[in-house]
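Reading through the structure tokens given below for one structure.
To find a chain, count down the sequence lines: A is the first, B the second, and so on, and within it residues start at 1.
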Amino acid sequence: MTFRILRLALIAAGALVISWLLMIGLTWLGTRSESFSNVVATGTAQYFSALTIGAIYALIALGYTMVYGIIELINFAHGDVFMVGAFVAYLIFTSLGFGGAIKSIPLLIGILLLGFLVTMVVLGVLGAAIERFAYRPLRNAPRLAPLITAIGVSFILQNVVQVLISNSPVPSPQLVSLEYRFTLLGASVPLLNLLIFLVAVVLMIALQVFVGGTRLGRAMRSTAQDREAAQLMGVNINATIAITFFIGSALAGAAGLIYGLYKGNIVFNLGFDAGLKAFTAAVLGGIGNTVGAALGGFAIGFIEVAAVTTGLSRWQEALVFSVLILVLVFRPAGILGQQIGERA
Amino acid sequence: MTAQPAATDDLLSMEAVDAFYGHIQALRSVTINVRRGEIVTLIGSNGAGKTTTLKTISGLVRARSGRVMFDGTDISRVDAYRLVPRGLGHAPEGRRIFSRLSVFENLQMGGFTRKRSEVNEDLARVFQLFPRLAERRAQRGGSLSGGEQQMLAIGRALMSRPKLLLLDEPSLGLSPILVQQIFSIIQEINRQGTTILLVEQNALQALNVAQRGYVLQTGRIILAESAADLAANPQVRQAYLGEI
């Protein structure tokens with residue numbers, strides 16, 4: 001277990017360095033006339049945006065992949081669960097009277113911790129409730145039924161937020177001032193970007209430790225592999241599936257909070273686009289694989305930002321999905337996907 | 001068949017159980033009993049209902065009528081996962097080990113309902129029965145050979161310290177030497193105090209280790225006798241022991 005985490009950390013560190021260099025190279029391609037130091041600075045700044053956007057996609061992608069892993073359902077409502085997370089965080093912060101940057105650092109940390117905790121718990125409960133009432137009754141129904149139900153839940157969540165909160169974009173409190181910045185290789189990067197990346201990494205490590213090394217994590221993996229055999233071990237399948245939805249939705253909630261802090265405004269249908277991209281990330285990384293989902297999330301964030309730096313911003317969507325198609329043509333199960341022949 | 005008297009030392013009894021898969025009736029008024037300390041075998045050809053009988057006991061299939069009594073209580077309506085801590089272990093057909101979990105994790109799953117302190121003790125016992133598993137503890141379950149997977153399936157079921165162990169075709173697909181080994185381990189497990197209900201295609205071996213046996217045909221019990229009588233029964237010899 002510890003060995004696996006160390007190896008993962010090494011691979012991740014390598015990927016971070018390589019993608020940094022790659023981003024600088026792509027920036028050079030996009031702006032050939034600039035001086036070398038300018039290219040490095042711009043590339044570095046873009047790299048940190050890519051990490052931030054990638055972190056959001058990665059956190060959402062984890063929920064898609066966990067749910068697919070355990071009940072083979074593409075939970076199309078998951079993007080909207082993320083959206084609800086953004087609004088729950090918005091409600092928490094505004095109801096506590098925080099509409100903008102918090103000057104006191106201890107207070108800021110306290111409010112952020114509280115925000116994450118409450119948002120994640122509320123969203124976890126929401127996710128488990130969706131599973132209980134919308135998917136569990138259909139667990140033995142033909143595949144298409146829960147899929148359509150998921151789409152239905154997606155629209156319901158959007159509609160509820162639209163009616164109860166706002167039909168138009170609302171400004172979400174940017175609690176972390178963009179004035180806090182650090183300079184690296186000539187690039188001035190908001191501390192918020194780094195913070196978001198670190199929060200995402202901490203959550204992902206926590207997830208890996210939970211799934212890989214705890215009794216409940218083993219129950220989840222066993223249930224994903226062979227539900228009947230897991231029952232014969234004494235695993236309560238319904239509870240395990242509910243926990244999976246809880247965790248996946250809590251992570252989406254954290255992503256929603258982060259999204260609000262980063263973007264500064266949120267709207268009821270923001271989950272559609274982000275959800276599809278995150279789903280793409282999960283498939284790209286290998287659906288059912290949590291490390292793959294994180295990898296796919298960062299990859300998509302990187303491609304989106306790279307499209308901008310190389311001057312192809314209008315081609316962003318086409319580029320993202322071309323990469324998806326290319327990867328799937330050569331590796332149908334995704335980058336880290338389990339090839340078939342897995343089940344004993 | 002001879003009616004079994006309802007003895008007080010019955011660990012398990014099925015009373016006139018009917019079970020269905022959709023509209024197809026798989027079990028027809030099946031009545032069997034297993035006393036504490038016994039090895040009882042259930043033999044019969046493919047599709048006779050042997051696996052369904054075990055699944056009905058462990059709660060994976062619901063009895064439509066009749067009842068299943070285990071350790072003094074009616075378990076006909078109890079969820080499968082709740083039966084494990086009550087002392088029912090089931091090593092299912094086809095081994096069904098968790099191929100992407102390590103051997104060690106598979107065994108940990110077997111002890112899922114046990115306290116952490118008890119798990120180590122049980123683990124030592126399983127490794128003593130199957131030293132091979134100790135050697136391969138870090139390997140993925142899916143990378144084991146067929147015989148090792150069978151050992152893992154049995155070891156995993158033992159991790160819950162069952163009072164009654166249901167074994168479904170433990171010898172299937174194994175070489176003759178391994179079959180011998182598995183059957184002697186089954187006897188060893190029984191000697192250590194676990195009651196066993198054994199489903200087998202290999203009727204000869206099964207009747208060798210069992211005290212009593214039932215013959216199942218198209219969902220019905222057609223014979224219920226001591227293992228020795230069954231092994232001597234010309235009808236059984238012809239149908240299940242490969243004699244002409």
Sorted by chain and number, sequence neighbours left out, ring-ring contact (aromatic ring centres under 6.0 Å, His included) with A:Tyr57 holds for none

In this structure, CD of A:Gln231 is separated from CZ of B:Arg82 (nearest 0.5 Å) by 12.0 Å

Heavy-atom closest pair (A:Asp226 atom, B:Phe98 atom, distance to 0.1 Å) is O-CE2, 3.8 Å

Between B:Arg96 and A:Ala229 the two heavy atoms that sit nearest each other are O-CB, 3.6 Å

Requested in this report: Please report the C-alpha distance between B:Met109 and A:Arg221 in whole Å, then the side-chain angles of each, then the deciding distance to 0.1 Å, and finally whether the side chain to side chain contact (heavy atoms under 4.5 Å, CB included) criterion is met.
Outcome: CA-CA 10 Å; B:Met109 282 310 299; A:Arg221 284 181 292 146; over 6 Å; no

Output for pair (A:Met233 CE, B:Thr113 OG1), nearest 0.5 Å, gives 9.5 Å

Check: Going through the checks in order, is the side chain to side chain contact (heavy atoms under 4.5 Å, CB included) test met by A:Val235 and B:Tyr81?
Finding: CA-CA 6 Å; A:Val235 174; B:Tyr81 77 93; 5.7 Å; no

Under the 3.5 angstrom rule, does the side chain of A:Arg215 hit a backbone N or O of B:Phe112 as a donor-acceptor pair?
yes

Heavy-atom nearest pair, B:Ser99 first then A:Gln225, reads N-OE1, 3.0 Å

The complete set of salt bridge (Lys or Arg N to Asp or Glu O under 4.0 Å) pairs with one or both residues in residues 143-156 of chain B, sequence neighbours excluded, reads B:Arg132-B:Glu148, B:Arg136-B:Glu148

Greater than 12 external heavy atoms within 6.0 Å of B:Tyr21's OH: yes

A quick test of your reading: do over 12 heavy atoms of other residues, nucleotides or ligands sit less than 6.0 Å from CG of A:Leu326? yes

Here the pair of heavy atoms bringing B:Val84 nearest to A:Gly234 is CG2-N, 3.4 Å

Over 12 foreign heavy atoms within 6.0 Å of CD1, B:Ile177:
no

Requested in this report: State whether the number of non-hydrogen atoms from other residues, nucleotides or ligands found under 6.0 Å of B:Arg77 atom CZ is greater than 12.
Outcome: yes

More than 12 heavy atoms of other groups within 6.0 Å of B:Gln192 CD: yes

Contact list (residues 37-75 of chain B to chain A, heavy-atom gap under 4.5 Å, by number) returns B:Lys55, B:Ser58, B:Leu60

Sorted by chain and number, sequence neighbours left out, side-chain contact (heavy atoms from CB on, under 4.5 Å) with A:Ser249 holds for A:Val81

